[in-house]
Amino acid sequence: MTKITFYKGLRVIGGTFVSVETDRAVCMFDFGFTVSDRADESIRLRPDHIPQDYVRAGMLPAADGIYEPQAAADLGLVPYGETEKPHFFLISHMHIDHMGGLDMLDPRIPVYMTEESETLYRRLAAQSDLTFREHPSCIGVPDGQSFSVEDITVQVLLIDHDCVGACGFLIRTPDGTICYTGDYRFHGYHPDRTAAFGEACRGADVLITEGVTVSFGDVDMLSLTAPDPHDRTEADLLEETAAFCAEAPGLVVINPYNRNVERIHNLTERLARQNRRLVLDAVQADYLAAFYPQDPLCVYAETVCGHPVPERAVLIGRDELLRRPGAYVLQLDYRDFYELFDLKPVVSGYLHMDGAPLGAYDPSYGKMLMQLEAIGIPFRSMGLGGHARPYYLKQMVDLIAPKVLVPLHSQRPEQVASRCAGRRILPEEGQTLILEKGEVKA
C-alpha cells in the first residue's frame, strides 16, 4: 500500500510538505517555510543550529530521515541515511514558501526539480540569496521526463507560474497515481503548458492542488461558468507598463519579483520598442543572463557591491540616469530603496510589480508606501500574481477529474470544489491517507 501523509501547508499559503511512502521508498514535496512571518531579521541566526531553530519555530516540519545527524539528534528525529527506506525530495519551484528549507536538509538527500529550477537555484546560491547554504544534491530533470526511486516513478511536467522553471509532478506507485500541481496559473505566458499538465494527469487517483485565490473571500466555485472578463494577463501587464512609460517624461522605477525572469525578459524587449533601456540591479541581471544570454544587459552600477556581474553587461551609473531619465526604466529592489533619495528629481513613478515587500501583510510594505509619499514619488500597484483564479482552479480539477481531491496551500481549501471530482478530503496536519489498488481510505 501507499501512504500519503500531510504534514504542513494545509490551511495556510505556503509550506506545503507531503510524503508519499511505499513499501520501498519515501518521496517528499515541497520544502518551504510554513509560517515565514515568524522569521524576524532582528534575531541573529545561530550558524550551527539553523535547521533546529527553524523546526522549533514551527517553520519546518519535524520529520525523520531528512536532517543531518546532529540536527536530527537535537530534535529527537532519525537522521538521513538511517531509515529503512531511501528518502528523496521534489521541489516544484523556486519560491521561498516552496523551497526555503532546502538549505536545511542533509546535503546527501537527492532533490529533484526541473532543469530550469536547478539553474535558478545555482544562481541564487552564487548571489548569496539563500538562508543557510547551497544544497549540493539537486538534480535537474527535463520537462516531461520521468525518473524512478525504487518503486516510485515521478514525471516532471512544466507548468505556468510567476517563477521560471515551475512544475508539477505525476507520481506513480504500485497502488495508483498521485498528481501534485505545485502553484500554477492560466494568465501567464504559457497557459498551454498548464493545460497540458492537466491533460497528462487526467484520471489521477489523487489530485493535490493549490487553492490560493479562494483564500480571501466567499467563492462558490460550482457556480462559476466563465472567467472574470476583467482578469489581467502578463500580456496586459506589458502593455500597461509600456503605456505608463509612454506618458512619463522622466525615469520610471519598477519593482518586480526577481525570480520571475521571463517577465524581465519580455519587459526588456517591449521597452526597447519605445527607446527605453531597462536597467537592472546586479542580482536581477545575473538571473536574466542565466536564461536569456542574448538579451541586452544594463546594470545599475550602484547595486553591484561585490555581486558577480556578467562580463557583457553595460554599467549605467546614477549620473547617467539623472542626465537622461526618459531613456531608461530602472528595476530597483527594495533593499536599494534609498537610491530614490538621489534619483527623486527625475522619477516619474514607482511601479510595484509583485516585488518585495510582497504585500500588506509584510510590515515593510506599509513603510514603503509611507516613504514614497514622504519623498513625493507617485506609486502605482501593478501586481498580477502567479495563482490560478477560482474559475481556472475549477477548470483544472474538472479536467483532471480525480477520484479524490485534496486542496491545500490555501486559507480556505474547503472552497475548492468540482462536480467532476470524486470525494474531497480536507486532511488535518499529520493525517495519513492510504492508497491501495486505486482506492483511497482516509
Side-chain angles (χ1 to χ4, degrees), residues 1-4 6 9-10 16 18 20 27 29-30 90 92 143-144 146 152-161 166-188 190-215 219-228 231 387-410 412-427 431-442:
M1 65 182 175
T2 296
K3 299 177 182 178
I4 309 170
F6 299 86
L10 305 181
T16 301
V18 179
V20 174
C27 168
F29 55 87
D30 275 316
L90 312 176
S92 63
D143 176 37
S146 299
I152 299 176
T153 298
V154 180
Q155 186 176 16
V156 177
L157 298 161
L158 284 172
I159 205 162
D160 193 52
H161 187 40
C167 71
F169 301 102
L170 183 58
I171 303 166
R172 296 181 174 90
T173 78
D175 298 290
T177 56
I178 303 156
C179 166
Y180 172 54
T181 65
D183 290 351
Y184 68 95
R185 62 179 180 176
F186 282 87
H187 58 271
H190 307 286
D192 55 321
R193 185 179 291 173
T194 306
F197 173 85
E199 287 287 356
C201 297
R202 188 191 289 268
D205 295 310
V206 180
L207 167 60
I208 302 171
T209 178
E210 65 120 317
V212 168
T213 59
V214 299
S215 295
V219 178
D220 180 4
M221 281 185 58
L222 295 181
S223 70
L224 300 177
T225 58
D228 188 327
D231 284 348
H387 298 275
R389 281 85 184 239
Y391 169 79
Y392 291 103
L393 284 173
K394 175 178 173 291
Q395 185 181 61
M396 178 67 93
V397 181
D398 288 352
L399 175 61
I400 296 174
K403 291 181 181 177
V404 172
L405 168 64
V406 182
L408 41 67
H409 194 48
S410 173
R412 300 181 67 179
E414 69 278 1
Q415 296 200 114
V416 178
S418 165
R419 292 189 178 90
C420 297
R423 282 190 298 158
R424 182 182 64 189
I425 297 176
L426 301 173
Q431 183 175 347
T432 297
L433 306 181
I434 303 299
L435 175 63
E436 192 167 17
K437 297 181 180 179
E439 300 299 324
V440 174
K441 300 175 185 177

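Quick caveat, the model's predicted, so the values are computed rather than measured. Position 1 is the first residue of the sequence, and the numbers go up from there.
Looking at L408 and V18, their side chains come closer than 4.5 Å, going by heavy atoms from C-beta outward. Under the 4.5 Å side-chain criterion, counting only non-hydrogen atoms from C-beta, L405 is not in contact with R423. Side-chain contact between T213 and Y392 is absent, with no heavy atoms from C-beta onward closer than 4.5 Å. Counting only heavy atoms from C-beta outward, the side chains of H409 and H387 approach each other to under 4.5 Å. Contact annotation: the side chain of L207 never approaches that of C201 to less than 4.5 Å [non-hydrogen atoms, C-beta and beyond].
Side chain of K403 to backbone of G438: a donor-acceptor contact under 3.5 angstrom is found. Within the 3.5 Å criterion, the main-chain N or O of Y184 finds a donor-acceptor partner in the side chain of E210. Under a 3.5 Å cut-off, the side chain of T209 and the backbone N or O of T181 do not form any donor-acceptor pair. In this structure, D143 contributes its side chain and L158 its backbone to a donor-acceptor pair below 3.5 Å. Looking only at distances, no side-chain donor or acceptor of T194 sits under 3.5 Å from a matching main-chain atom of F186.
Residues E414 and R424 are not paired through a salt bridge, judged by the lack of any N-O separation under 4.0 Å between the basic side chain and the carboxylate.
For the residue pair I425 and P427, the shortest heavy atom distance occurs at O-CD, 3.2 Å. P402 approaches V397 most closely through the heavy-atom pair CD-O, 3.7 Å.
Considering I208, L90, T173 as possible partners of V20, the one that fulfils the side-chain contact (heavy atoms from CB on, under 4.5 Å) test is T173.
Classified by interplanar angle (parallel below 30°, tilted 30° to 60°, perpendicular above 60°), the ring pair F169/Y180 is parallel.
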